[in-house]
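Contents: one structure, followed by commentary.
FYI, the numbering just counts along the sequence from 1.
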Amino acid sequence: MTVGKAVRLRITELCAARGITINKLATICGVTQSTLNNIVSGRNNSTTIATIKKICDGLDMKLIDFFDSDLFLDLEQEIQ
């Protein structure tokens, strides 16, 4: 799995666990709806740590907790 896909799935997983939509997440974390929609739809595969930090702040969680998921265990090596 790629990092982009793992981030996309993790965001979706966190929203489902909290019973919120992607648009609600955008509102509470201060990230534009278009940015989050692009991440979740796969149009943006290079989400920045700054954006993930904003998501974490909105969800009242730490970055380490965001990445504490089996989704990030076996990522493909990405060489560009």
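Summarising the geometry, atom NZ belonging to Lys62 is positioned 15.5 Å from atom CZ belonging to Phe67; distances are rounded to the nearest 0.5 Å. If you take CZ on Arg10 and OG1 on Thr47, they are separated by 14.0 Å, rounding to the nearest 0.5 Å. Interatomic distance, CG of Asn37 versus OG1 of Thr32, reported as 8.5 Å (0.5 Å rounding). In this structure, OG1 on Thr2 lies 7.5 Å from NZ on Lys5, to the nearest 0.5 angstrom. How far CD1 of Ile20 is from OG1 of Thr27: 9.5 Å, rounded to the nearest 0.5 Å. Annotation: the span from Thr51 atom OG1 to Ile11 atom CD1 amounts to 9.0 Å, rounded to 0.5 Å.
Contact detail for Arg8 and Gly42: the closest heavy-atom pair is NH1-CA, 3.3 Å.
Remark: of the listed residues Asn23, Leu25, Ile55, Val40, Leu25 is the sole one forming a side chain to side chain contact (heavy atoms under 4.5 Å, CB included) with Cys15.
No more than 12 heavy atoms of other residues, nucleotides or ligands sit less than 6.0 Å from atom CD1 of Ile64.
Residues Cys29 and Leu36 have side chains in contact (heavy-atom distance under 4.5 Å, counting atoms from C-beta outward). Taking the side chain as every heavy atom from C-beta outward, Asp65 and Leu59 never approach each other to under 4.5 Å.
Clustering ILVMFWY residues whenever any of their side-chain heavy atoms sit less than 4.5 angstrom apart, transitively, puts Leu14 in the very cluster that holds Ile49.
Scored by the side-chain contact (heavy atoms from CB on, under 4.5 Å) test, Ala6 finds Met1, Leu71, Phe72, Leu75 as partners (sequence neighbours excluded).
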